[in-house]
Student: 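Handing you this structure, nothing more for now.
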Amino acid sequence: MSKLCTLKEAIEKYVHDGDTVYCAGFTHLIPFSAGHEIIRQGRRDLTLARATPDLIYDQMVAAGCAKKLIFSYIGNPGVGSLRIVRSELEAGRLEWEEYSHFGMISRLQAGAAGLPFIPMNQTAATDLERINPNIRRVKDPYTGREVITVPPLTPDVGIIHVQRADKNGNAHIWGIIGEQKEVAFSSKSVIITAEEIVDEEIIRSDPNRTLIPELIVKAVCHVPHCAHPSYTQGYYDRDNVFYLNWDKISEDPAAVKNWLDEWVYGVKDTEEYWQKLGSETHARLAVKPKFAAPVNYGDY
Amino acid sequence: MSKLCTLKEAIEKYVHDGDTVYCAGFTHLIPFSAGHEIIRQGRRDLTLARATPDLIYDQMVAAGCAKKLIFSYIGNPGVGSLRIVRSELEAGRLEWEEYSHFGMISRLQAGAAGLPFIPMNQTAATDLERINPNIRRVKDPYTGREVITVPPLTPDVGIIHVQRADKNGNAHIWGIIGEQKEVAFSSKSVIITAEEIVDEEIIRSDPNRTLIPELIVKAVCHVPHCAHPSYTQGYYDRDNVFYLNWDKISEDPAAVKNWLDEWVYGVKDTEEYWQKLGSETHARLAVKPKFAAPVNYGDY
Amino acid sequence: MDQSSSLQYSASELMCVNAARLLRDGDVVFVGVGLPNLACNLARRTHAPNLQMIYEAGVIGARPSRLPLSIGDPTLVSGAASVCGMYDIFTLYLQRGNVDVGFLGGAQIDRFGNINATVIGDYAKPKVRLPGSGGSQEMAGWANRCYIITPHQKRRFPEKVDFRTSAGFLNGRTERDATGVRGGGPLVVVTNLGLLEPDANGELILTALHPGCTVEQVKENTGWEIKVAQTLRTTNPILESELILLREELDPDGIHLKGS
Amino acid sequence: MDQSSSLQYSASELMCVNAARLLRDGDVVFVGVGLPNLACNLARRTHAPNLQMIYEAGVIGARPSRLPLSIGDPTLVSGAASVCGMYDIFTLYLQRGNVDVGFLGGAQIDRFGNINATVIGDYAKPKVRLPGSGGSQEMAGWANRCYIITPHQKRRFPEKVDFRTSAGFLNGRTERDATGVRGGGPLVVVTNLGLLEPDANGELILTALHPGCTVEQVKENTGWEIKVAQTLRTTNPILESELILLREELDPDGIHLKGS
């Protein structure tokens, strides 16, 4: 059953004020276009969950979409501070809930697996446990030693960018696959954005590559370049220049407002945004092809 | 660092009397050649662990290698009873320990993840829990409800057949991937048998396909057709005729002895075994190629 | 409509067609080999084209081009929508609640739909050692709906199973509910005589007979005093079109449909 | 041997070379971006060709052909041995005990090697909100050996950290041991003045100075009364060949090696 729709339609239908939203992607495949569309549609009071909030949540927080952040590392990866998120937290204007990366991904794994908790071994560092009542302990029934637990995270909406999907929502992902599968299975609604919508025969020619199956997907949106300034392995490079520039822009609230006006509110969709980036940027982010070795499944 | 050696050398070095051995593969990629080599080398008192003992453990039990079985389903898949294992169990000549499939794979997952236990939701069926003291309960620290637990399974040796590996042990697997990854990470020693040994550039052209990394592998053996009468996706078909024939052979201890004499003790290695199967069988098991769609990782 | 009154069919074909009719379009079904596999494929080819078949070997959305002998046949993989490992199948799909229907079988099914696939006799010294749970313990607990396909024989329907491999309604529906288990339990047992369904208390009662079968046959072949529903239905006759699909396309060699 | 006495190098280059020398051939290293990444690549190109680099983004055996800005750069993937998800990286690799070395950093490192990367000041109302744990809490707990690279400044070496993001030896080695945590804890802190190592009680003491650095400099720049090892070593001089590798091949644009 085809679930194709525009990103605008998908956000209208599945993202509501007050929802917990997880835009997936560890550095790779971050669905920036979805964040921008949420900003354009003026969603409020969202709980934004991500291991690494990255620039996408810095921008959404700047635009006033967020009430709360759930995270495990707030930085501009490889650059430094995530200035807007940081100043909102320091000012006490944004609620937050904090884990280690392992705690965060374990919460997603518990949600995806339908488990009431996931155990983790002790790390000897107990301060996060002290300040976060969601981090608890349970006695291992075999050794009697204590293990650490986290509860499931089950976002209202998970948004996942992929290289290619069929119209039903079966999606191929390669390269860094951080927490995409766990977000998809833990979320109540899943929106897929894809660089390419392909015939289902392409997907079914390589079922081991399908991380996300149609049966958990609500909407499939064709959004090429959705991940910029993050990247899509094999399609375009990470825009490190933009990540460095954001460090400057985000120092100044006026500059942030101008940037949002120009690049989010001022464009109607990803296609317009991408064209506006211009041919020099396109050329800078272009990547030469390098193909995986052939894989023979056999005609059984 | 190359870990290439013959299967004979690998079994000599890494499989000892009294070890717990896990020959991986849910129907697919079952390393029959490794089982036969263990039989030829006369290993005794092994604890054989597998979700589905399949014919490989029926044969190893018949040959007197096993002291104990750890399993979750003892049948000849699609055919019926696993006669030798069944009669040894009924006669009380073989120890056993039993789980559901989920309990079995959870034990492997716990072993692979370095966890002291894995929780599972209740199923309302409590008889396995009643008779197996390894199956316990723990109180979920969030809801106060009880969940079921199993402890880690950490085999002394895990044997895993793969489509292709490099000489260091990085291995590509596709098709049904049952419990291969979990067995590899839970086992103390890992032996890889591969249809093909390929240049590491082949493996590294598609890192998402690498289920098993070199850093946990002890030995890499080039063993084409290792899985017969099981199969290797894309390389040869499952020999259903043999699975049906075994139902007859295994009815009669004399027939089993003759079969072992002819097909295990009577051949020196997998190459001789495969040639002995003959061209008609080769033709029957041949499979026409059907390739996965190309995947572009990009030349970054 | 086909002219079906004079059709000849085997017990397996009868059960298979009736099982297929229980499936709904869009159902996600955890499939075993044999009759469940045929029933699913029949449903897909008739009233449920969007049925999704999942196999415990880790295959999602299989479209087998030949009849698989085993649950892990390569034909299940080629052309499937997705393949994942066993841990994922049991967690992300079954435990998470993504499976609508599970098909179950076993050597014994009791008054409350509990199933024994483990041993006949004492567990430690079994008279008959059966295959064991495999995936069925969790399927019976967590699939939204479970269906059982089994020939109607007295030894298969004891008052109480020797070993509860998979939970039906335990000693009554409230006992199952009290465990908090997510799945709805066995909804229908399809036999060669008719259909059994749980009543308000979770006890299996006779709710439908296949054309030509009698209440007496059912009573004679059930190990407890089986109750009969107040309104006993008759199942719809087998259609010629269903038999043609089964015999000519889905199991042309009669691997699963021969016998009885 | 290079003539190295007259070589000029930055504090970052000095730390990077000394960190590289701590790595052993065959080590499996959980790598962060920046100096640890450069140190690993330098080690691979010199004395440890079989070093395996693992990134928390899920990349195993990376062979980056360019210097990655972020820990999730696509160059880490192309040509890597394996890529897996985050849950697998933290369970199958780190928690299972498959990681030999973890590199750590933080805003504060205290007397017992505990690290703060979370907040300066009160947690609920922080004076400075730092990035938080990321993968470092588990790395500090479970990697066999941990190394810390940090400039030697008094504010970075307080007597006690404001928040224990990652465990060193807590209040002493026996306290860490009592938690049963599998990793060995911080083995060496590499600064621009020398090396600190834990003593029998887990307290960081000065064990080596870089050529030209003094005990007084170290004492002035440490927030507690730092002890000096009975046999204070001097680190081996930086080699010209190491600097050439770093400057011309590993970080030609000086992204991480510029400054101080």
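Keep in mind that what you see is a predicted model, and the values were worked out from it rather than measured. Note on naming: letters A, B, ... go to the chains in the order of the sequence lines (proteins, then strands), and numbering restarts at 1 for each one.
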Student: Under 4.5 Å between any side-chain heavy atoms of Val147(B) and Pro116(A), yes or no?
Tutor: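 A side-chain contact under 4.5 Å exists here.
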
Student: Does Val295(A) form a side-chain contact (heavy atoms from CB on, under 4.5 Å) with Arg164(B)? I'd like the steps, not just the answer.
Tutor: CA-CA 10 Å; Val295(A) 161; Arg164(B) 60 191 181 199; 3.4 Å; yes

Student: I'd like to know if the side chain of Asn121(A) reaches the main chain of Leu115(B), judged simply by a donor and an acceptor atom lying under 3.5 Å from each other, with no hydrogens or angles considered.
Tutor: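 No; judged by distance alone, with no hydrogens or angles, the pair does not exist.
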
Student: Under 4.5 Å, heavy atom to heavy atom: which of residues 172-186 of chain B reach chain A? Give them by number, or say none.
Tutor: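 Result: Trp174(B), Gly175(B), Ile177(B).
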
Student: Enumerate by number any residue of residues 97-113 of chain A whose heavy atoms lie under 4.5 Å from heavy atoms of chain B; in the absence of such residues, state 'none'.
Tutor: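 Interface residues of residues 97-113 of chain A: none, nothing closer than 4.5 Å to chain B.
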
Student: For each of Pro151(B), Ala293(B), Gly114(B), Pro289(B), tally heavy-atom pairs with chain A at distances under 4.5 Å, and name the one with the top tally.
Tutor: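 So the answer, after comparing Pro151(B), Ala293(B), Gly114(B), Pro289(B), is Pro151(B).
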
Student: Using 0.5 Å steps for rounding, measure from the NZ atom of Lys288(A) to the CG atom of Asn296(B).
Tutor: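 Going from NZ on Lys288(A) over to CG on Asn296(B), the span is 12.0 Å.
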
Student: Please check this pair: side chain of Asp299(A) against backbone of Lys290(B), looking for a donor-acceptor N/O pair closer than 3.5 Å.
Tutor: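 The answer is no, because no donor-acceptor pair under 3.5 Å joins these two groups.
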
Student: Just wondering, do Arg238(A) and Tyr300(B) contact through their side chains at under 4.5 Å, heavy atoms?
Tutor: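 The answer is no; the side chains never approach within 4.5 Å.
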
Student: Among residues 134-143 of chain B, which ones touch chain A with a heavy-atom distance under 4.5 Å?
Tutor: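 Under the 4.5 Å heavy-atom cut-off, Asn134(B), Ile135(B), Arg136(B), Arg137(B), Val138(B), Lys139(B), Asp140(B), Pro141(B), Tyr142(B) qualify.
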
Student: Which residues, numbered in order, of residues 193-204 of chain B come under 4.5 angstrom of chain A by heavy-atom distance?
Tutor: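 Against chain A, the residues of residues 193-204 of chain B that fall inside the cut-off (heavy atoms, under 4.5 Å) are Ile202(B).
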
Student: With side chains defined as the heavy atoms from C-beta onward, is the minimum distance between Phe117(B) and Pro119(A) less than 4.5 Å?
Tutor: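 Side chain of Phe117(B) against side chain of Pro119(A), heavy atoms only: contact under 4.5 Å found.
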
Student: Is it true that Asp206(B) and Arg209(A) have a side-chain N and a carboxylate O under 4.0 angstrom from each other?
Tutor: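 Yes, Asp206(B) and Arg209(A) are salt-bridged.
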
Student: Considering only heavy atoms, which portion of Pro207(B) lies under 4.5 Å from any heavy atom of chain A: side chain, backbone, both, or neither?
Tutor: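 Contact with chain A is absent: no heavy atom of Pro207(B) under 4.5 Å.
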
